[in-house]
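To start, the structure itself, in structure tokens.
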Protein chains: 2
Amino acid sequence: MTLNTVTEQKIIAAATEVFLQRGKGGARMQEIADKAGINKALLHYYFRSKERLYDEVFRRQISAFFDELFSAALEMENIADFLHTFIHNYLDTVSAHPQVLRFVLWEIEEGGEKMVEILHQKLLERGLPALPIPRLIQRAVNRGELRPVDPVHLMMSVIGMCLYPFIARPIVENLFPGVVVNSPEFLEKRKTEIFNLVWQGIQPQPSPDD
Amino acid sequence: MTLNTVTEQKIIAAATEVFLQRGKGGARMQEIADKAGINKALLHYYFRSKERLYDEVFRRQISAFFDELFSAALEMENIADFLHTFIHNYLDTVSAHPQVLRFVLWEIEEGGEKMVEILHQKLLERGLPALPIPRLIQRAVNRGELRPVDPVHLMMSVIGMCLYPFIARPIVENLFPGVVVNSPEFLEKRKTEIFNLVWQGIQPQPSPDD
DNA sequence: GTCTATACATCGATAGAC
DNA sequence: GTCTATCGATGTATAGAC
């Protein structure tokens, strides 16, 4: 499942590099072979086609990404702790592996089915239910700890806030001189701003008869 | 600046369609020529190369997108009205032209400079200052109408929340059965959830001596 | 398993007739 | 302006020797 021969290992590493630099369509088997120190014929010997080679590279990237993303506990009961941890971990993980975002965006262009499949598999491995995050949010709402927000929309909002600067990095850094998305300063500031906005935004409102 | 001959018009229309369906690299000049009812040679007669043809298509798409986005007044003084209008208009515009997002994401992969250039040009045309939105937010903070948020981060947060479902549409719709990002129900719900979260999240906190 | 050599397809771009 | 025909480069994939 993981790594077979040394050659296979070298191919995967070279292919990952070239796919990231050129994109899926722009990548050339010749360049991958060169970078791996072998020839084109051997690429097709190990992986039947360019499509399968890309598929293998993609699955490894996404899989490692989810592993790191889920390394923080998702089964926290305290919703404040959860949100705080989730936001910090999400930003740290994306920031540490910005290249994964490009694979994800390419995958989305092709329907996103492979990614959803891998996500479900990772949740299963960890014994988590489907949609653990909306479930957590809903329970906090039911306990009256949060105002009645839509759990799915809140989850989308948090993820959208976390991802945006990385997705739009060239535009953001061009539009706001001084911003360096991957700098520790920006990252810490972003964590604080997102958490504060969300946390205050979901507090229960005092009821009229209080 | 806009449209010259009928043939040019047909080429642009066909090219837009093919670029959207296949991507920039995947698009074939032959298919564009076929769809425009002409031959390849004529494509190179009107536009020197595939690169220039793509450039022309991209600029028209982004330009029209910004025009619609800026159709709502950005110079509102009341921050609640502004936020409400901005969120509604942003979601409506993106929802009405989902294809523009794909052009934007491809542009980002190439540095995002063309897009920033067009944005600045559009702001100039309307006599708006650079970064009108952070400027608006900062003034509201200065007047004490909002708690001291970072204007740039707030802007990124709002845009991120608006864009996420459209960027990740295949994943979102696959992960949350029943969600149809482009449906009127989802759109209205999304507007409400974003505005409520943000509005409550940026209210001034009562000071200790109140 | 690893190589060289090449088959086979396709693409962007151009030459040149009309 | 519009066409046909084709060039030259490059791509994936494979055949066959070692």
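Computed from heavy atoms alone, side chains included, the values below leave out hydrogens, waters and symmetry copies. Here is the naming used below: chain letters follow the sequence lines, and residue numbers restart at 1 for every chain.
Residue N39(A) places none of its side-chain N or O atoms closer than 4.0 Å to OP1 or OP2 of dT2(C). Dashed line: the shortest gap from a side-chain N or O of T5(A) to OP1 or OP2 of dG1(C) is not under 4.0 Å.
Between the side chains of N142(A) and Q138(A), at least one donor N or O lies within less than 3.5 Å of an accepting N or O. Judged purely by distance below 3.5 Å, without hydrogens or angles, the side chains of E117(B) and Q121(B) never pair a donor atom with an acceptor atom.
Proximity of the aromatic rings of F186(A) and H153(B) is defined here by a centroid distance below 6.0 angstrom, and this criterion is met.
Across all strands shown, Y45(A) has heavy atoms under 4.0 Å from base atoms, whether or not it also approaches the sugar-phosphate. At the heavy-atom level, L43(A) lies nowhere under 4.0 Å from the strands shown.
The separation between I38(A) atom CD1 and dT4(C) atom P is 12 Å, rounded to whole Å. For the pair I11(A) CD1 and dT2(C) C1', the interatomic distance rounds to 11 Å; values are reported in whole Å. Between the CZ atom of F47(A) and the C1' atom of dT14(D) there is a distance of 18 Å, given to the nearest Å.
Remark: side-chain polar atoms of R190(A) are paired, donor with acceptor, to backbone N or O of M161(A) under 3.5 angstrom.
The pair R60(A)-E56(A) counts as a salt bridge, with a side-chain nitrogen and a carboxylate oxygen less than 4.0 angstrom apart.
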- Query: Are H120(B) and L124(B) close enough, and set up right, to give a side-chain contact (heavy atoms from CB on, under 4.5 Å), and what steps lead you there?
  - Reply: CA-CA 6 Å; H120(B) 280 142; L124(B) 261 180; over 6 Å; no
- Once each nucleotide of nucleotides 11-18 of chain C is scored for protein heavy atoms under 4.0 Å, what B/S/- sequence comes out, 5' to 3'? SBBBB---
